[in-house]
Visitor: 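Mind looking over this structure? Questions follow.
Order of listing sets the numbers, starting from 1, for every ligand and every atom in it.
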Amino acid sequence: MGIVSPGFHGRGRRPEVELPPGQYLTEDFPVLSAGPTPRVHQEDWEFTVTTEAGQEYRWDWRQLMDLPSERPTVDIHCVTKWSKLGTRWEGVSLDTLLADVDTAADYALVHSYGGYTTNLPLEDLLDGQAWIAYRYDGADLVSEHGGPARLLVPHLYFWKSAKWVRGIRLLDEDEPGFWETAGYHDYGDPWREQRYQGD
Ligand SMILES: Nc1nc2c(c(=O)[nH]1)N[C@H]1C(S)=C(S)[C@@H](COP(=O)(O)O)O[C@H]1N2
Ligand SMILES: [Mo]
């Protein structure tokens with residue numbers, strides 16, 4: 001992108017951005033955590049994928065760092081109605097992590113340190129749609145935002161982006177997570193405003 005002279009694209013002349021229905025723009029980065037912030041050190045961090053057959057695949061921090069990383073810039077949408085555009089992350093694509101995982105499962109239940117869970121169809125973790133993210137805006141991800149590593153799945157409401165991620169269970173049957181059990185939508189597409197069950 002070229003440099004635009006200030007007089008041409010000044011404040012208030014920002015091109016109209018399209019937000020999902022009911023959302024407003026925020027510039028800061030709110031912290032939303034259902035419980036206390038777990039302090040997980042990189043040396044203790046492990047990420048486990050468990051298949052529907054009970055097979056386990058495990059990565060420690062060093063193994064995660066050795067995988068090729070990507071730098072997605074994405075818009076994020078919280079069900080409490082804030083949206084933040086152009087957030088810059090670094091992490092490992094779930095395509096990379098799941099490449100050699102032997103599974104025919106349709107669903108995923110994501111687990112976090114601290115006990116949080118959230119569910120989504122396995123296909124929503126694939127095809128460049130989801131990452132295990134460990135850097136935000138050029139710095140290590142702080143614990144309030146899910147450090148050392150969180151799931152990033154920006155095309156769904158942000159509650160699906162589990163902070164302090166520790167593993168994913170692959171399942172034949174859909175199993176609701178923490179907020180989904182409490183009445184939030186099973187899928188959570190912000191563009192279809194799927195906030196609550198029945199939306
Ligand atoms: N482990 C865990 N992950 C979580 C949550 C949580 O409470 N615990 N909150 C979710 C919700 S509702 C949102 S909007 C985002 C908030 O992420 P942030 O605090 O980095 O903005 O994290 C999601 N992931
Ligand atoms: Mo949220």
Visitor: Specify side chain, backbone, both or neither for Ala34, according to which of its non-hydrogen atoms lie closer than 4.0 Å to ligand 1.
Guide: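 The part of Ala34 near ligand 1 is both the backbone and the side chain.
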
Visitor: Can you tell me if Ala162 has a non-hydrogen atom under 4.0 Å from ligand 1?
Guide: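 Within the 4.0 Å threshold, so yes.
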
Visitor: Nearest to atom 22 (O) of ligand 1, what protein heavy atom do you find, and at what distance?
Guide: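 Scanning the protein heavy atoms, the shortest distance from atom 22 (O) of ligand 1 goes to Arg150 NH2, 3.2 Å.
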
Visitor: With respect to atom 9 (N) of ligand 1, which of Thr37, Leu32, Val31, Val142 exhibits the smallest heavy-atom separation?
Guide: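 The nearest heavy atom belongs to Leu32.
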
Visitor: For ligand 1, which atoms have a heavy atom of Pro30 less than 4.0 angstrom away?
Guide: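 This gives 18 (P), 19 (O), 21 (O) as the contact atoms.
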
Visitor: Considering only heavy atoms of Ser33, which atoms of ligand 1 have at least one such atom less than 4.0 Å away?
Guide: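 Numbered from 1, ligand 1 contributes 7 (O).
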
Visitor: At a 4.0 Å threshold, what atoms of ligand 1 neighbour a non-hydrogen atom of Ser112?
Guide: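 Contacts of ligand 1 toward Ser112, numbered from 1: 1 (N).
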
Visitor: Can you tell which part of Trp164 has a heavy atom less than 4.0 Å from ligand 1: side chain, backbone, both or neither?
Guide: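 It is the side chain that gets close, since no backbone atom is under 4.0 Å.
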
Visitor: Heavy-atom contacts under 4.0 Å between Phe158 and ligand 1: side chain, backbone, both, or neither?
Guide: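 It is both backbone and side chain that touch ligand 1.
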
Visitor: Hey, is Tyr113 touching ligand 1 through its side chain, its backbone, both or neither, going by heavy atoms under 4.0 Å?
Guide: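 Neither; nothing of Tyr113 gets under 4.0 Å from ligand 1.
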
Visitor: Taking only heavy atoms of Cys78 into account, list the atoms of ligand 1 that are under 4.0 Å away from them.
Guide: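 In order of numbering, the contacting atoms are 14 (S).
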
Visitor: Quiz question: by atom type and distance under 3.5 Å, do the side chains of Thr50 and Arg169 form a donor-acceptor pair?
Guide: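 No, because no side-chain N or O of Thr50 sits under 3.5 Å from a partner of the opposite role on Arg169.
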
Visitor: State whether a side-chain donor-acceptor pair under 3.5 Å links Glu90 with Ser69.
Guide: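 Judged by distance alone, the side chains do pair up.
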
Visitor: Give a yes/no verdict on whether any heavy atom in Ser161 is under 4.0 Å from an atom of ligand 1.
Guide: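 For ligand 1, residue contact (heavy atoms, under 4.0 Å) with Ser161 is present.
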
